[in-house]
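First the structure, in the form of structure tokens, and then the observations on it.
Order of listing sets the numbers, starting from 1, for every ligand and every atom in it. Position 1 is the first residue of the sequence; numbering continues from there.
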Amino acid sequence: MTFDLLTIFPAIFTSPLAESLLKKAQDKGLIRVRVHNLRDFTQDKHRMTDDYPYGGGAGMVMKPEPVIRAVEWIKEKNPGAKSVLLTPQGERFHQRLAKEMSGHNHWILICGRYEGLDERVRLAVVDREISIGDYILTGGEVPALVFIEALSRYIPGVVGCGKSVEEDSFSQGLLEYPQYTRPPVFREMVVPEVLLSGNHAQIERWRRRESLRRTWQRRPDLLEKASLSAEDKDFLQELKNQKEIDGHN
Ligand code: J9Q
């Protein structure tokens, strides 16, 4: 899978792409990430990528020509490439979208700045618009990294342990159960005995229940879409009944 990044701050990507999962995925040839400086697509003497907004107002707006020139240059050489604009106005990114979009193998990611992008860029060259959530950011660079990592994880061989992609909390639709490692007692806090028992059926049952408990406590909205067994539903009913009695937690 290829990602072509368009940004006015290429250095932001240096470390995130040079460490951990994304580095290994590149080293294995499973993904290819190319970072392009939008300034290199300007044609004026001062290599300007932004300008004052027509109609006035605070901040600067990204000029259309460098972005459009960059996207068209990449698309000419790669007719299958699709472009994504990272923007708070885009479709909300989530796990299902990451999986879906991992089915396409060439993405051009346009990192806009917060004040905005000339509207004609959208009309001319943008195929999709994606938001990673409702918060203020300075630019689309961090959202682009989120996009790259989330899609890359669906490429066979990128995630070390083959099973853990679809098993991971969001794919399952539930939050993760609590994890422990050595030592068995730390500052008087003990590891649940069942985890030391070696009884794998009991351990699986405990983990499932803790996932359900956490999800019910912290993200009850997720339970609506999760696929739940009769035993899961019984356990959730127990939790709710217990809450009626306790009046808390
Ligand atoms: C470019 N806040 O926010 C959420 N998803 C994308 C963004 C974003 C932002 C500012 C600039 C993208």
Report the distance from atom CD1 of Ile155 to atom CG of Leu30, rounding to the nearest 0.5 Å. 6.5 Å

Check this for me: does any side-chain nitrogen of one of Asp40 and Arg47 sit under 4.0 Å from a carboxylate oxygen of the other? yes

Within a distance under 4.0 Å of any heavy atom of Leu86, pick out the atoms of ligand 1 and give their elements. 1 (C), 12 (C)

Does Gly112, backbone or side chain, put an N or O under 3.5 Å from an N or O of ligand 1? no

Non-hydrogen atom of Phe93 closer than 4.0 Å to ligand 1: no

Among all protein heavy atoms, pick out the one at the shortest distance from atom 4 (C) of ligand 1; state its residue, atom name and that distance to 0.1 Å. Gly133 O, 3.1 Å

Selection residues 17-28 - residue pairs positive for side chain to side chain donor-acceptor pair (under 3.5 Å), sequence neighbours left out: Lys23-Asp27

Return the closest protein heavy atom for atom 2 (N) of ligand 1 as residue, atom name and distance. Leu137 N, 3.3 Å

Closest candidate by heavy atom, reference atom 1 (C) of ligand 1, pool Gly90, Gly140, Gly116: Gly140

Around atom 8 (C) of ligand 1, find the nearest protein heavy atom and jot down its residue, atom name and distance. Pro88 CD, 3.5 Å

Give the atoms of ligand 1, by number and element, whose distance to some non-hydrogen atom of Ser131 is under 4.0 Å. 4 (C), 5 (N)

Do we see a donor-acceptor contact under 3.5 Å between the side chains of Thr49 and Arg39? no

For ligand 1, which part of Thr87 has a heavy atom less than 4.0 Å away: the side chain, the backbone, both, or neither? backbone

Given Thr7, which of Arg113, Glu141, His36 fulfils the side-chain hydrogen bond (donor to acceptor under 3.5 Å, both in side chains) condition? Glu141

Check whether any side-chain heavy atom of Val121 lies under 4.5 Å from a side-chain heavy atom of Leu85, and answer yes or no. no

Between Gln95 and Tyr154, a side-chain donor and acceptor under 3.5 Å: yes

Interfacing atoms of ligand 1 (cut-off 4.0 Å, heavy-atom, Ile132): 4 (C), 5 (N), 6 (C)

